[in-house]
There are 4 protein chains.
Amino acid sequence: MIEPRAAMPRRGRPRSERRRQAILEAAYALLCEHGLGGTSMDAVADRAGVSKATIYRWWSSKELLALETLYESWDAERDAASATGETTLEDELLALVLPWVRMVADSASTRILLGILTKAKDDPGFADAYRERFINPRRERSREVLRRAIERGDVAAGVDVEVATDLLWGPLYHRLLHGHARCDEQFARRSVALAITGIRVRAPGAPRRDGR
Amino acid sequence: MIEPRAAMPRRGRPRSERRRQAILEAAYALLCEHGLGGTSMDAVADRAGVSKATIYRWWSSKELLALETLYESWDAERDAASATGETTLEDELLALVLPWVRMVADSASTRILLGILTKAKDDPGFADAYRERFINPRRERSREVLRRAIERGDVAAGVDVEVATDLLWGPLYHRLLHGHARCDEQFARRSVALAITGIRVRAPGAPRRDGR
Amino acid sequence: MIEPRAAMPRRGRPRSERRRQAILEAAYALLCEHGLGGTSMDAVADRAGVSKATIYRWWSSKELLALETLYESWDAERDAASATGETTLEDELLALVLPWVRMVADSASTRILLGILTKAKDDPGFADAYRERFINPRRERSREVLRRAIERGDVAAGVDVEVATDLLWGPLYHRLLHGHARCDEQFARRSVALAITGIRVRAPGAPRRDGR
Amino acid sequence: MIEPRAAMPRRGRPRSERRRQAILEAAYALLCEHGLGGTSMDAVADRAGVSKATIYRWWSSKELLALETLYESWDAERDAASATGETTLEDELLALVLPWVRMVADSASTRILLGILTKAKDDPGFADAYRERFINPRRERSREVLRRAIERGDVAAGVDVEVATDLLWGPLYHRLLHGHARCDEQFARRSVALAITGIRVRAPGAPRRDGR
DNA sequence: GTGTAATCGAGACGGTACGTCGAGTCTTGTG
DNA sequence: CACAAGACTCGACGTACCGTCTCGATTACAC
């Protein structure tokens, strides 16, 4: 899916890896600074020192380029998050969430994300590609964590894993995309804690859950 | 803020309300169908039977037009949500959330929202205008509900109202914008319930809440 | 043709002569400075302190306004030229031509003239109006002078008065419109002298005029 | 001056000569029919089957395009006029003038010329370009003819060649631009004859013009 | 080494929309 | 009625960008 060319029969001049990098870097920088709409392919080509045709040979649209650009820049996070071995549910979820929060916090990639989301609304195929690469992996790991928690009995069997996953990621994306408040590590900790504990302390009229 | 002209000294030909309506309706229809990027001002002018200059006289950008378009179409929901008088926290929160969910569910306004969000990332002033009209009112009502719940003792005093508000709205916006699953009434009920109850049933090692 | 309204039945508020003057003066100034194409009716209205509708009430197009503007500014010349009583053909023709040359020399009205000429090519009615006011009066006086000269025997009976008239005015308009050289009093004198005398000194084969 | 690009290092896709021709032809047809003001670049692009950007890439303004359009269409005349070898002054001048008259008579290029003249009044650089291509070549040949005639003694040494040239071309342009009468071959013959002979046959009261 | 088949740079091109401007008309209220 | 203010239509403007195409000039593997 990433490679638009079959790699088997090596004939002719091979693709220049140097240029691939130059394009991705140029695109990333421009996209962060001006957003998808504010970045022109001509500008990318210029900054990368590359002809426009070379870009289009490998990425069939600006959005696809942005997608891969973002993907590359998020690579580091995936590795960082792979270190597991936590014991409590909260720590496990934080181990998933915190690396992502740190990453989005100090990159200007939100505007790229928004552009991609917009394109995804118009193009179902693109939407699938996006979710396959960016959303599902993280959701899948959330699901696993939750399933194990259910098996352990930490989480009630009736809890819908999908809904719980949205409860985990939703608040983070919300702040990131709407920008009404910072989406930082502190917020992530509080949000995860609240999602686990729940907003209500006790049922109305009933004695408090924690026995106080 | 909504009125770009001072209304005091009535001089010259007054603005045509008929055209204002025609523009907003045409824009809304086209925006729902093709999204912000896929809607041209020429098309809006055409469909509204109005000249392009007339649109630009009153809305300085396509995004501003989209903003007002969406605002008008969300008017009904604000009134529907005003019927309060619920007793439990869950019912109160659902009374806030369900009208919104019903509205976004059967309108194609998500793509408009996305366009607006994108513009908001590029233009802080626009972002403020957007949040002032769309986000803050709903958040404020969530805050009030939560504050009253804290006073009643239904919610622990230590709960951060802002975070709780994100826990309420975040999952809904998440599904709406990412489209990985439907954002319908059923999801809203489950999400709200889970946000209130919390994901975890019992503290690790403690006996299960349901006594099993 | 100049008055778009019948002046007979005096009803309602009378036309403001003060505004008529203001419009003509504003238009003339702007037309001289920026030409027909570079002058907008809004600008004229602004400078004249008058509403655009007031202009259109009295002049149905920009070109018609320009025409009258030019007409007014050429009024003085017509009076200056009326002083006749010359004896020689050359003096008579110069009496026609020189006032015109002096006028066009120190006004920037050439660009107005060009705009009018352009409009005249597109609109035969306008062309007639233009020629009726600007060209024919001068031509008619040229014709009279020439006819009298023919009667006196100063000019051969076979000379075509129309062609002679073009020979008189053509070189002047040529320089004025093409601007390859100055159209000033000196040129007018030489041009008229040459038109009268003719380019050739002697018929080919005949003995030279100076006897050499 | 005609070539806006250096032709030396052939890099990138070469300019399409087919399109250049299509544009010039489309422009010429539209300009003849509707004049400069009545011809839009969109219309030219449409008729030529070419994008508007392609036109602007090579001609920075409509007027410049009109200039080249007219230049191309007047090419044939320049060649036709090159056949010289006349003996009398009148024949020599007619050899210069008649091809031009025939050309302007059966083409509708007058309105293009007027548009160009108007632009020339606003833009001295454009004026130079126009005169360099259209006026000077013909004037220069007139000058040569006259200079030779002076050397031969057919024309008095005191005759100002510039003025004589205006006397030759002025009447023709006058009729062409003002349209008060046809500018045809017959007029050209009469005008040239009269310019050579002069309007006056004899001085008033004197027996013969050349006998004074 | 020499085809051969690809990549690459440069830049022309079609198409679509942009936001602006100007001519001329129309609609109010005021004098 | 004349007029001021200014909203409105229509149509063209010149620009910008996307994505395609057409050249010639490079590579690098395969023969």
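Residue numbering restarts at 1 for every chain, and letters A, B, ... go by the order of the sequence lines. Keep in mind the model is a prediction, meaning the values are calculated, not measured.
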- Taking for each residue the nucleotide of DNA chain F with the nearest heavy atom, is it A/K62 or D/Y56 whose nucleotide lies nearer the 5' end?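 The answer here is D/Y56.
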Result for 5'-nearest mapping on DNA chain F, choosing between D/G12 and A/G38, is A/G38
Quick one: [X] [atom1] to [N] [atom2], roughly how many Å, whole number?
| X | N | atom1 | atom2 | value |
| --- | --- | --- | --- | --- |
| A/D46 | F/dC18 | CG | P | 12 Å |
| C/R15 | F/dA4 | CZ | P | 12 Å |
| A/R18 | F/dA28 | CZ | C1' | 15 Å |
| B/W59 | E/dC18 | CH2 | P | 15 Å |
| A/M41 | E/dA10 | CE | P | 17 Å |
| A/H34 | F/dC17 | NE2 | P | 11 Å |
| A/E17 | F/dA28 | CD | P | 14 Å |
| D/L30 | F/dA12 | CG | C1' | 14 Å |

| request: Determine the minimum heavy-atom distance between C/S107 and C/Y28, stating which atoms define it. | output: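 Where C/S107 meets C/Y28 most closely, the heavy atoms are CB-OH, 3.6 Å.
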So the salt bridge (charged side-chain N to carboxylate O under 4.0 Å, His left out) pairs with at least one residue in residues 28-48 of chain C (sequence neighbours excluded) are C/D42-C/K52
Q | Upstream residue (5' side of DNA chain E) when B/D42 and D/S16 are each assigned their closest nucleotide | A |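 Result of the comparison: D/S16.
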**Prompt:** Starting at the 5' end of DNA chain E, which residue's closest nucleotide do you reach first, D/A53 or B/E63?
**Reply:**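 Its nearest nucleotide lies further toward 5', so the answer is D/A53.
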Worksheet entry | Donor-acceptor contact present, side-chain A/S40 to main-chain A/A43, <3.5 Å | yes
Quiz item: Is the backbone N or O of C/M41 less than 3.5 Å from a side-chain atom of C/K62, with the two atoms forming a donor-acceptor pair by type?
Solution: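 Flag not set: sc C/K62 to bb C/M41 has no pair under 3.5 Å.
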Over all strands shown, is [X] touching base, sugar-phosphate only, or nothing at heavy-atom distances under 4.0 angstrom?
| X | answer |
| --- | --- |
| A/G49 | sugar-phosphate |
| D/S60 | nothing |
| D/A45 | nothing |

The side-chain hydrogen bond (donor to acceptor under 3.5 Å, both in side chains) partner of A/S16 among A/R13, A/R19, A/R20 is A/R19
Can you find a side chain N or O atom of [X] that sits less than 4.0 Å from OP1 or OP2 on [N]?
| X | N | answer |
| --- | --- | --- |
| D/R57 | E/dC13 | yes |
| D/W58 | E/dC13 | yes |
| D/S51 | E/dT16 | no |
| B/R13 | F/dA7 | no |
| C/S61 | E/dA23 | no |
| D/R19 | E/dG14 | yes |
| D/K52 | F/dT15 | no |

Terminal axes of the helix from E/dG1-F/dC31 to E/dG31-F/dC1 (5 end pairs apiece), angle rounded to 10 degrees, sit apart by 10°
Quick note, A/S40 side chain, CB onward, closest among E/dC18, F/dC17, E/dG9 is F/dC17
Distance col, row A/T110:OG1 vs A/L117:CG, nearest 0.5 angstrom, shows 11.5 Å
Output for pair (D/Y56 OH, D/S61 OG), nearest 0.5 Å, gives 8.5 Å
Partner of B/C32 under side-chain contact (heavy atoms from CB on, under 4.5 Å), picked from B/T39, B/L70, B/I112, is B/I112
